[in-house]
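Shown next, in structure tokens, is the structure this report addresses.
Positions are given from 1, in the same order as the sequence printed here. Not measured: the values here are computed from a predicted model.
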Amino acid sequence: MAIGASAGGLQALQELAQHLVLPGQFSYIVAQHLAPEYPSQLVDLIGRVTSLKVITAVDGAALEPGVIVIAPPHCDLALEAGQLRVSEPAPRFGPSPCIDLLFESLA
């Protein structure tokens with residue numbers, strides 16, 4: 001399952017994460033627009049409100065059930081052949097990560 005949020009979506013993400021309690025069934029990928037010049041605290045902030053494991057996405061990693069994977073700042077995410085692809089965003093007008101790219105890869 002992929003979840004997208006704007007920069008102001010932290011509270012909504014935390015509320016949603018509180019209800020993601022089916023660890024054996026789903027993987028969750030979160031792409032939130034973050035400032036590229038600052039380190040993200042999203043893994044810690046989401047991890048405080050859920051019993052699921054919360055990690056930063058790593059290129060080439062396989063998805064695991066019961067894990068919430070967070071996009072690193074200023075990176076796009078895609079899923080290819082069951083593996084996460086983390087990449088620098090192509091020059092474009094719009095925020096990163098691009099949730100459209102993630103959704104398209106899942107479709």
Side-chain angles (χ1 to χ4, degrees):
M1 172 186 286
I3 303 159
S6 66
L10 175 60
Q11 183 177 352
L13 286 173
Q14 287 177 313
E15 289 178 27
L16 177 64
Q18 291 175 14
H19 301 284
L20 301 178
V21 294
L22 302 171
Q25 297 182 6
F26 300 102
S27 300
Y28 305 95
I29 306 170
V30 175
Q32 183 186 26
H33 301 153
L34 301 167
E37 63 273 7
Y38 298 106
S40 173
Q41 297 179 12
L42 194 55
V43 170
D44 292 332
L45 295 172
I46 298 297
R48 291 179 191 169
V49 299
T50 182
S51 60
L52 300 177
K53 183 177 176 181
V54 183
I55 62 172
T56 300
V58 175
D59 188 54
L63 292 178
E64 300 175 39
V67 176
I68 300 173
V69 180
I70 308 291
H74 199 62
C75 289
D76 283 335
L77 284 181
L79 190 65
E80 293 178 6
Q83 293 184 320
L84 285 170
R85 292 294 168 214
V86 179
S87 61
E88 262 191 57
R92 67 174 173 266
F93 179 77
S96 292
C98 178
I99 193 63
D100 291 347
L101 295 174
L102 178 57
F103 285 163
E104 289 171 6
S105 74
L106 291 173

**OP:** Could you walk me through whether Leu77 and Ile29 pass the side-chain contact (heavy atoms from CB on, under 4.5 Å) test, one step at a time?
**Re:** CA-CA 9 Å; Leu77 284 181; Ile29 306 170; 3.6 Å; yes
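- Between the side chain of Gln14 and the main chain of Leu45, a donor-acceptor pair closer than 3.5 Å is present.
- To the nearest 0.5 Å, atom OG of residue Ser27 and atom CG of residue Leu84 are 8.5 Å apart.
- For the atom pair CG of Asp59 and CD of Glu80, the computed distance is 8.5 Å after rounding to the nearest 0.5 Å.
- Nearest heavy-atom pair, Ala57 versus Ala71, reported as atom, atom and distance to 0.1 Å: CB-CA, 4.4 Å.
- Pairs of residues two or more places apart, or lying in two chains, never qualify as side-chain hydrogen bond (donor to acceptor under 3.5 Å, both in side chains) while including a residue from residues 42-54.
- Contact of the Pro89 side chain with the His74 side chain is registered, since non-hydrogen atoms from C-beta on lie closer than 4.5 Å.
- Between Pro73 and Ser40, the closest heavy-atom pair is CG-CB, 3.6 Å.
- Within the model, atoms CG of Leu20 and CD1 of Ile46 stand 9.0 Å from one another, a figure rounded to the nearest 0.5 Å.
- The minimum heavy-atom distance between Ile99 and Gly4, with the atom names listed, is CD1-CA, 3.7 Å.
- Interatomic distance, Leu10 CG to Leu42 CG, rounded to the nearest 0.5 Å: 6.5 Å.
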**OP:** Under the side-chain contact (heavy atoms from CB on, under 4.5 Å) rule, what do Val69 and Val58 come out as? Steps first, then yes or no, please.
**Re:** CA-CA 9 Å; Val69 180; Val58 175; over 6 Å; no
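- For Val43, the side-chain contact (heavy atoms from CB on, under 4.5 Å) test picks out Val54, Thr56, Ile70, with sequence neighbours left out.
- Under the salt bridge (Lys or Arg N to Asp or Glu O under 4.0 Å) criterion, Glu15 pairs with no residue at all, not counting sequence neighbours.
- Under the side-chain hydrogen bond (donor to acceptor under 3.5 Å, both in side chains) criterion, Gln18 pairs with no residue, sequence neighbours left out.
- The two residues Ser6 and His33 make their nearest non-hydrogen contact at CA-ND1, 3.8 Å.
- When the side chains of ILVMFWY residues are joined at heavy-atom separations under 4.5 Å, either directly or via intervening members, Leu16 and Val30 end up in a single hydrophobic cluster.
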What pairs of donor and acceptor atoms, side-chain ones from residues 100-107 against any protein atom, are under 3.5 angstrom apart with sequence neighbours left out?
residue	atom	partner	partner atom	Å
Ser105	OG	Leu79	N	2.9
Ser105	OG	Leu102	O	2.8

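- When the side-chain contact (heavy atoms from CB on, under 4.5 Å) test is applied to Ala5, the partners found at least two apart in sequence or on another chain are Leu13, Gln32.
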